[in-house]
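Below is one structure, written out as structure tokens; comments come after it.
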Protein chains: 2
Amino acid sequence: MDKERKAHLEARARVLKAMAHPSRLLIIEELEKTERCVCELTEMIGADISTVSKHLSVLRQAGIVADDKRGNQVYYRLRIPCMLKFFDCVESVLESQAGARVACLAGGCR
Amino acid sequence: MDKERKAHLEARARVLKAMAHPSRLLIIEELEKTERCVCELTEMIGADISTVSKHLSVLRQAGIVADDKRGNQVYYRLRIPCMLKFFDCVESVLESQAGARVACLAGGCR
DNA sequence: CATCTACTTGGCTAATATGCCAAATAGCCA
DNA sequence: TGGCTATTTGGCATATTAGCCAAGTAGATG
């Protein structure tokens, strides 16, 4: 395989891998709505704050979120505003599993 | 957190996790173009055929590909035709890492 | 039937991810 | 300064993943 192609595939995989966790998806969904500090996200997720901090670190290193320290709180926001659209196709995979393969073909993942 | 929401996040995460590997992304890209048998994909990837078979199994279980045995070869194809569009936003994450944050805002991830 | 090819599965090791606790860091406020 | 709150980091146990080899299965073909 082409070296450049390989590097590109690896880069894409890193981003997807960073997203591929329920708590991190929740974070992304919430940050779609508005920025949040770590303790707010921690409360939504219901895990140890250190765990949430590490999830945020994964997302930051992948370039998905950015942080912003204000006072003694750290606010996180999405760096890329199109994450929700990004999910359309994931949804159609899920719908197809449920037998409703129609949605995507009908334009659900445009 | 809402039980239903949790289940939904987990379902999404499973799909993303299935995609989050360079070899599996290559498989998806190639199957965008045309169906392929295991040995063709194996040659493109350059790993052991058993490894590739396991990657395909991951994708199949996630509902991303379907298989079709013809003769003694097994052909794989995408179940969901919108995978390439799905990547637009991943790309904009990567571009933003490279400093070119413009692309997505300018419509690159529509 | 014997054998070949194509593929899958089992088993193993090494690497990576997850999540908690405890300790360290940083800013605020008395 | 001292103590408080918010967050990050280190360390550890456990779980999951990746990849190879070897063995098993299934269809094709002589």
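Numbers restart at 1 for each chain; the letters A, B, ... are given by sequence-line order, proteins then strands.
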query = Quick one: B:Glu10 CD to D:dT16 P, roughly how many Å, whole number?
reply = 13 Å

Residue whose nearest DNA chain D nucleotide is more 5′ - A:Asn72 or A:Val52 = A:Asn72

request  = Answer yes when B:Glu35 and B:Arg70 have at least one side-chain N-carboxylate O distance shorter than 4.0 Å, and no when they do not.
outcome  = yes

Rounded distance (Å) that lies between atom C1' of D:dA18 and atom CD1 of B:Ile27 = 13 Å

Side chain to side chain, B:Leu56 and B:Asp67, heavy atoms closer than 4.5 Å = no

side-chain N/O A:Lys69 vs D:dT8 OP1/OP2, d < 4.0 Å = no

message = I'd like to know if the side chain of B:Thr51 reaches the main chain of B:Ala47, judged simply by a donor and an acceptor atom lying under 3.5 Å from each other, with no hydrogens or angles considered.
response = no

request  = Send over the distance from B:Leu56 CG to D:dA18 C1', rounded to a whole Å.
outcome  = 14 Å

query = Which nucleotide, D:dT16, D:dA18, D:dG19, lies nearest any side-chain atom of B:Thr51?
reply = D:dG19

remark   = Quick note, B:Lys54 side chain, CB onward, closest among D:dT17, D:dG19, D:dA18 is D:dG19

query = Rounding to a whole Å, what distance do you find between A:Ile45:CD1 and D:dT7:P?
reply = 12 Å

query = Mind checking whether B:Val74 and B:Leu59 sit in one hydrophobic cluster, side chains of I, L, V, M, F, W, Y counted as touching below 4.5 Å?
reply = yes

ask   = B:Met44 and B:Tyr76: same hydrophobic cluster, using ILVMFWY side-chain contacts below 4.5 Å?
value = yes

request  = Starting at atom CD of A:Gln61, determine the distance to atom P of D:dT8, rounded to an integer number of angstrom.
outcome  = 12 Å

request  = Quick one: label A:Arg70 by what it contacts on the DNA or RNA (base, sugar-phosphate, nothing), any heavy atom closer than 4.0 Å.
outcome  = nothing

request  = For A:Arg12 and B:Glu29, run salt bridge (charged side-chain N to carboxylate O under 4.0 Å, His left out): C-alpha distance rounded to whole Å, both residues' side-chain angles, the deciding distance at 0.1 Å, then the answer.
outcome  = CA-CA 12 Å; A:Arg12 281 184 168 185; B:Glu29 279 191 2; 2.8 Å; yes

ask   = Using a cut-off of 4.0 Å on non-hydrogen atoms, how would the nucleic acid contact of A:Tyr76 be classed: base, sugar-phosphate, or nothing?
value = sugar-phosphate

Distance, rounded to the nearest Å, where A:His21 contributes NE2 and D:dT17 contributes P = 11 Å

message = Whether A:Ser53 contacts D:dT8 is assessed here as follows: a side-chain N or O lying under 4.0 Å from the phosphate OP1 or OP2. Is that the case?
response = yes

message = Below 4.0 Å from chain B heavy atoms, what is the first contacting nucleotide of DNA chain C and what is the last?
response = C:dT5 to C:dG11

task = Could you tell me the separation between the CG atom of A:Asp68 and the C1' atom of D:dA6, rounded to a whole number of Å?
result = 15 Å

